[in-house]
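Worksheet: one structure, shown below.
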Amino acid sequence: MSDTVRVRYAPSPTGFLHIGGLRTALYNYLFARHHGGKFILRVEDTDRARFVEGAVEDFMHMLNWAGIEIDEGPGRDGPYGPYYQSQRLDLYTNHAQKLLNEGHAYYCFCSSDRLDQMRKFQEKSKLPPKYDRTCLRLSPEAIKKNLDDHIPFVLRMKVPHDSTVQFTDLIRGEVEFAGSNIDDQVLVKSDGYPTYHLANVIDDHYMKITHVIRGEEWVSSTPKHILLYRYFGWDVPQFAHLPLLLNADRSKMSKRQGDVEARAYPPKGYLTEAVVNFISLLGWNPGDEREIFTMDELIKEFSIERIHKAGAIFNIEKLNWINTQHIRRKSDEEIYNMLKSDLEKSGYSDFPKQYVMSAIGLMKERINFIHELLTFSSYFFRDPDTFDPDGVKKRMLPPAKKHLSELADRLEKLDVFQHNEIENVFRTYAEENKIKASELIHPTRLAISGVTLGPGLFDLIAVIGKETVVRRMRYVVSHFDQITKLPA
RNA sequence: GUCCCUUUCGUCUAGUGGCUUAGGACACUGCCCUUUCACGGCAGAAACAGGGGUUCAAAUCCCCUAGGGGACACCA
């Protein structure tokens, strides 16, 4: 085994990148980077029937989105390519032949019908379900005849029943399987393609993979893989089987219960940092009480030893919180840049960068998603056309009409239109009229934003600007009866 | 059914025999701050699946039971 750590994420293009797959890729990546090793993407496209168009592109795109850099893989050639299994068929065939020659594999001509019946019988008789080795007993002549007759066949591996296969899982410790419980796995399908088990072992060997970090669903086939390594006389890599991501009901995470495809998250407004941070914590923790991490910090902290054994439920509430944490850590300018295209789409592209950044500054701590700046606080960009009915009822009382009118006049006269000066206008007016400032503040907020919640009013006024604020206040004054009547 | 894995607050988790009246975070509740909503601060409720051992001492080690999950394809 080479000194440099080499790990791989090896998805099958039978669907789009699963959020659990993204976590597996991330753990591999973190491990590689932590150890100064290589992260390889290998496409396991040996199932021609289930191939999904666009899946590979989706993997690449989402990995890139997540900030997971591929050192070797499709489109990024390395010394051990190609990185599509469908382009490595000869390799598998040669090695299968070798296994056959050495008696570690055998021809099987059983039809799927027969296999189905066999399994049904085994199930009924409460026997462990495995191939019954009918074809292992075929004479060389019978095999030759079948071959000559072009009867479809598969190659199965011959598992020694009298031994046990044991391995040390980096996460689970010692795991042991009795040879008698290991099935004579199909290695080469009747279409000539290898199964996962064969191809995966051969590729991991030739790609010099040092650590196989994959989902827990693979533990039970690991002994088969180890046997294959032994048959070929190869070193066995280290194994680490990750706990599964679970639905709320603790079943394996699947559709129906929330979004399982990674690509569903960016459009919802989840930040790369948040998703990466969140999934990194699903089964791993740094050992102290920090929870917010950048990719670089994760790379620094990550270790396989600190991976949990039990499956984790994907808890969207916590993701949301982590998203808010990362929003706050971003500069106003970063957020501005992320918002740019949405701004254009909404027709708000005329607003100066400085203005939008000020709005961002005021809203950053109040939003869960960046796009909420455009939805929940559209009043930064357009005059309100509706007024929160409950707010109107409670705050837009008759005296407000006069107050708004007067305040608008006073604001208009202000030379320095900033927080303190604005606040002064309100406080002074309140004192003069012997009323509480809140009797002014609430109607004003409603008048200029249409809603009852938002940033501190004086900051809001300062950012939105004199002209707009005064216009909106006067609009409400002139439509006061209409506005206060509507919500009846 | 067979094999394998797993089991600490609702959820993510800390805990590797004494430091633990089991810690943190999300969510939840209350209070404070406050012009609103958030933020923030403080407080609260909330867990070692059960039973046996081992030990002076167990959430931590062992065994059994139960629950959960995964695998059992010519899918990965």
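We name chains A, B, ... by the order of the sequence lines, and we start the count at 1 in each one. The basis for the numbers below is simple: all heavy atoms, side chains too, and nothing from hydrogens, waters or symmetry mates. Fair warning: this is a prediction, and the values are worked out from it, not measured in the lab.
Listed by chain and number, the residues in a side chain to side chain donor-acceptor pair (under 3.5 Å) with A:Asp204 are A:Arg8, A:Arg42, A:Asn200 (sequence neighbours excluded). Legend: residues meeting ring pair (Phe, Tyr, Trp, His ring centres under 6.0 Å) with A:Tyr92, ordered by chain and number and at least two apart, are absent. In terms of the side-chain contact (heavy atoms from CB on, under 4.5 Å) criterion, residue partners of A:Ile151 (sequence neighbours excluded) are, by chain and number, A:Phe109, A:Asn146, A:Asp149. In terms of the side chain to side chain donor-acceptor pair (under 3.5 Å) criterion, residue partners of A:Tyr83 (sequence neighbours excluded) are, by chain and number, A:Glu72.
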Mind listing the N/O atom pairs, protein and nucleotides 27-32 of chain B, below 3.5 Å?
none

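Applying the salt bridge (charged side-chain N to carboxylate O under 4.0 Å, His left out) test to residues at least two apart or on different chains, none of the pairs has a partner in residues 303-312 of chain A. For residues 161-193 of chain A, the set of pairs meeting the ring pair (Phe, Tyr, Trp, His ring centres under 6.0 Å) definition, not counting sequence neighbours, comprises A:Phe167-A:Phe239.
Within residues 437-445 of chain A, the residues having any heavy atom closer than 4.0 Å to RNA chain B are, in order of number, A:Ile441, A:His442, A:Arg445. A heavy atom lying under 4.0 Å from RNA chain B marks the following residues of residues 420-432 of chain A, by number: A:Arg427.
The side chain of A:Phe177 approaches B:C4 more closely than any other nucleotide in the set B:U8, B:C4, B:C12.
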Study note, to complete from the structure: Reading nucleotides 67-76 of chain B from 5' to 3' and marking B where a protein heavy atom lies under 4.0 Å of the base, S where only the sugar-phosphate is that close, and - otherwise, the string is -SSSSBSBBB
Point to revise | Per-nucleotide protein contact string for nucleotides 18-23 of chain B, where B marks a base within reach and S marks sugar-phosphate only (heavy atoms under 4.0 Å, - for neither) | key: -----S
Give every donor-acceptor pair under 3.5 Å between a side-chain atom in residues 418-426 of chain A and any protein atom, sequence neighbours left out.
residue, atom, partner, partner atom, Å
A:Glu423, OE2, A:Arg427, NE, 2.9
A:Glu423, OE2, A:Arg427, NH2, 2.8
A:Asn424, OD1, A:Thr428, OG1, 3.3

